[in-house]
Asker: 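Sharing a structure here in structure tokens format.
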Amino acid sequence: MDLALLRTFVTVHRAGSFTRAAALLGLSQPAVTSQIRTLERQLGRPLFLRQARGVTPTTIGDELAHKAAPHLDALVEIAESGLEEDSALRTLHLAGPPEFTAERALPALTELTGEDGQPFALRASFGTAEETLEGLAAGHHDLAISTVRPRGALLSATALCDEEHVLVAAPHWAERIGPGALRRSGPSVLEDVPVIEVHESLPLVARYWASVFDSRPVAPGTVVVPDLRAVLACATAGAGLAVLPRYLCTGALARGDVVALHEPPVPPLRTYFLVVRTGTLAMPHVARAHEWLERAAADWS
């Protein structure tokens, strides 16, 4: 079987689209379509179901991808190792949410970039869970950090750590609400407090309200900024309440810049996952980064 056909097939399977696969491979879409049809004729079975937007693998397509992808990745690793034999550095491409990646993952991994023995170069990009997992599947990244566990066999996920979410605001809001008022009266006492969030849909606040109060937030977002560090800065400035991961606001809580408005017996948690393409942990630089982050996460709780 032609390895070029398998490479095209795996790229289409990961990208979920002939068009995206063509862009990744540097081929025209008709060329990709022709190669997939050739492979399907050789196997005598359809590998993809064509849809209005992209393609969906058949059962045979999923089985072939699961068997072939790790071996193709290993061949790429061998080829790249040969090309880079004169270079001391391999490059790790990491993707994840901006705040967690910047505050947690990158400080841990930068220790490896200069270590004696086998240091590697590091390239990071930020994005949503959907963006990072799609980029990982398409081969743009080596390692992804995600709050979503991926489905299917092509991506392999390992639970990294849990983050606790805290309801915070500047001290004057706590004074205005009054001590114990939230515990006695519930979230209704917060209806007049402005809300700071990362998106109009209030993902963190809505999750907190559902988990802790078994209700939905009433107030819409007053300040919406797409970065939790900016949310913390706005909360510190007194713009309103926010739900933040504890690791991000620990310092502000200790300094008294913000205060926790509520301490539920069981705080809401969100799990982060380390995700790789199945088989790529055979690559030394990916395996070392994966192991290093797992060890670092033991001290993050």
Asker: Minimum heavy-atom separation for Pro97 and Ile145, please, with both atom names.
Answerer: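 Heavy atoms of Pro97 and Ile145 come nearest at CD-O, 3.3 Å.
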Asker: I'd like to check Pro194 versus Trp173 (side-chain heavy atoms, cut-off strictly below 4.5 Å). Are they in contact?
Answerer: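 Side-chain contact under 4.5 Å: yes.
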Asker: Is the shortest distance from a Lys or Arg side-chain nitrogen in Glu294 or Arg288 to a carboxylate oxygen in the other one below 4.0 Å?
Answerer: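 Not counted as a salt bridge, because no side-chain N and carboxylate O are separated by less than 4.0 Å.
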Asker: Measure across Leu253 and Ala260 and return the closest heavy-atom pair with its distance rounded to 0.1 Å.
Answerer: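 Closest approach of Leu253 to Ala260: CD2-N, 3.6 Å.
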Asker: Side chains of Thr38 and Arg41: donor-acceptor distance under 3.5 Å anywhere?
Answerer: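 Side chains of Thr38 and Arg41: pair found under 3.5 Å.
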Asker: Any non-hydrogen side-chain atom of Pro245 less than 4.5 Å from a side-chain atom of His165?
Answerer: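 Yes, their side chains come closer than 4.5 Å.
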Asker: Is Gln51 atom CD crowded by more than 12 heavy atoms from other residues, nucleotides or ligands, each under 6.0 Å away?
Answerer: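 Atom CD in Gln51 is packed in, count exceeds 12.
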Asker: Which atom pair, heavy atoms only, marks the closest approach of Ala4 to Gln35?
Answerer: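 Taking Ala4 first and Gln35 second, the nearest heavy atoms are O-OE1, 3.6 Å.
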Asker: Going by side chain to side chain contact (heavy atoms under 4.5 Å, CB included), Leu244 matches just one of Ile196, Val166, Val231. Which one?
Answerer: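 Single pass found, and it is Val231.
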Asker: Do the rings of Phe48 and His13 sit parallel, tilted or perpendicular, given the 30° and 60° boundaries?
Answerer: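 The arrangement is tilted - the two ring planes meet at 30° to 60°.
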Asker: Please check if atom CZ in Arg50 has more than 12 non-hydrogen atoms from other residues, nucleotides or ligands closer than 6.0 Å.
Answerer: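 Count over threshold, so yes.
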Asker: Is there a donor in the side chain of Asp257 and an acceptor in the side chain of Thr236, or the other way round, less than 3.5 Å apart?
Answerer: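 Judged by distance alone, the side chains do not pair up.
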Asker: Is a donor from one side chain sitting under 3.5 angstrom from an acceptor on the other, for Tyr272 and Glu163?
Answerer: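 Judged by distance alone, the side chains do pair up.
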Asker: Would you give the length of the straight line joining atom CG of Leu64 to atom CG of Leu43, rounded to the nearest 0.5 angstrom?
Answerer: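 If I round to the nearest 0.5 Å, the distance is 6.5 Å.
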Asker: So, taking the atom named SG in Cys249 and the one named CG in Leu228, what distance separates them when rounded to the nearest 0.5 Å?
Answerer: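 The distance works out to 10.0 Å.
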Asker: Hey, could you give me the CG/CG distance between Leu47 and Asp62, rounded to the nearest 0.5 Å?
Answerer: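 One gets 10.0 Å once the value is rounded to the nearest 0.5 Å.
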Asker: Considering non-hydrogen atoms only, spot the tightest contact between Val189 and Ala181 and give its length.
Answerer: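 Distance-wise, the nearest heavy atoms are CG1-O, 4.0 Å.
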Asker: Under 4.5 Å between any side-chain heavy atoms of Val12 and Ser17, yes or no?
Answerer: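 Contact flag for Val12/Ser17 side chains = no.
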Asker: Salt bridge or not for Arg229 and Glu99, using N-O below 4.0 Å?
Answerer: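 A salt bridge is absent here (no side-chain N lies under 4.0 Å from a carboxylate O).
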Asker: How about His66: does its NE2 atom have over 12 heavy atoms from other parts shown lying under 6.0 Å from it?
Answerer: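 No, the 6.0 Å shell around NE2 holds no more than 12 heavy atoms from other groups.
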Asker: Checking His290 against Leu143 for the side-chain contact (heavy atoms from CB on, under 4.5 Å) test, could you report, in this order, the C-alpha distance in whole Å, the side-chain angles of both residues, the deciding distance, and whether it holds?
Answerer: CA-CA 8 Å; His290 193 282; Leu143 182 62; 4.0 Å; yes
Asker: So which atom in Val195 and which in Pro220 form the shortest heavy-atom distance, rounded to 0.1 Å?
Answerer: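 So the two residues come closest at CB-O, 3.7 Å.
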Asker: Check Glu103 with Arg246, please: is the shortest side-chain N to carboxylate O separation under 4.0 Å?
Answerer: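 Salt bridge: no.
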Asker: Please find the pair of heavy atoms, one from Ala296 and one from Ala108, that lie closest to each other, and give the distance.
Answerer: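 Minimum heavy-atom separation between Ala296 and Ala108: CB-CB, 3.9 Å.
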